[in-house]
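All figures in this text were calculated on a predicted structure; none of them were measured in a lab.
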Amino acid sequence: MASAVFEGTSLVNMFVRGCWVNGIRRLIVNRRGDEEEFFEIRTEWSDRNVLYLHRSYSDLGRLFKRLLDSFPEDRPQLSQSPLLQGLLYLKNKNQGTLSAW
């Protein structure tokens, strides 16, 4: 397994302390200027560094599907994830502007 380096610290010894969905941002996705909506996610690592991620709804849907497939015994807990509930809330609030997963 390859390990990544995050500002001089090996990710092998790190963990995510907290993760928040800040909202939805429209970002340019190609040179033609096409825009797509992305969730802005604030992630705080164990070393207190903060990383902002921008992921589409379909990106996050694929992640949750992979988690559910990889950890079938944890399906009930994963289905009740606060992150998932927040994503669904934002999707419903912006109905029609995000693609389905």
S.K.: Could you grab the distance from atom OG of S79 to atom CZ of F64, nearest 0.5 Å is fine?
M.R.: 9.0 Å
S.K.: Answer whether the closest heavy-atom distance between the side chains of T43 and Y52 falls below 4.5 Å.
M.R.: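 No - every pair of side-chain heavy atoms lies 4.5 Å or more apart.
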S.K.: Counting N and O atoms only, with roles assigned by atom type, does the side chain of S46 sit under 3.5 Å from a partner on the main chain of F15, one being a donor and the other an acceptor?
M.R.: yes
S.K.: By salt bridge (charged side-chain N to carboxylate O under 4.0 Å, His left out), which residues pair with R75, not counting sequence neighbours?
M.R.: none
S.K.: I'd like to check the side chain to side chain donor-acceptor pair (under 3.5 Å) partners of N22; sequence neighbours left out, ordered by chain and number.
M.R.: E40
S.K.: Are I28 and L53 connected into the same hydrophobic cluster when the rule is that any two of I, L, V, M, F, W, Y join if their side-chain heavy atoms are below 4.5 Å apart?
M.R.: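 In one cluster with L53: I28, no.
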S.K.: Using 0.5 Å steps for rounding, measure from the CG atom of N30 to the CD atom of E35.
M.R.: 10.0 Å
S.K.: Is D59 reaching over with its side chain to a backbone N or O of S56, donor-acceptor style, under 3.5 angstrom?
M.R.: yes
S.K.: Hey, quick one: are W20 and L60 part of the same hydrophobic cluster, counting side-chain heavy atoms closer than 4.5 Å, chains of contacts allowed?
M.R.: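 Cluster IDs for W20 and L60 differ.
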S.K.: List the residues meeting salt bridge (charged side-chain N to carboxylate O under 4.0 Å, His left out) with E44, not counting sequence neighbours, and say none if there are none.
M.R.: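 If we apply the salt bridge (charged side-chain N to carboxylate O under 4.0 Å, His left out) test to E44, skipping adjacent residues, the hits are R17, R42, R48.
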S.K.: Please test F38 against V29 for side-chain contact (heavy atoms from CB on, under 4.5 Å), starting from the C-alpha separation and ending with a verdict.
M.R.: CA-CA 10 Å; F38 286 80; V29 295; 3.6 Å; yes
S.K.: Counting C-beta onward and ignoring hydrogens, is there a side-chain heavy-atom pair between E37 and R25 closer than 4.5 Å?
M.R.: no
S.K.: Report yes if some heavy atom in the side chain of E36 is under 4.5 Å from a heavy atom in the side chain of R26; otherwise report no.
M.R.: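 No, every pair of side-chain atoms sits at 4.5 Å or beyond.
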S.K.: For the pair D74 (side chain) and L78 (backbone), establish whether a donor and an acceptor sit closer than 3.5 Å, ignoring hydrogens and angles.
M.R.: no
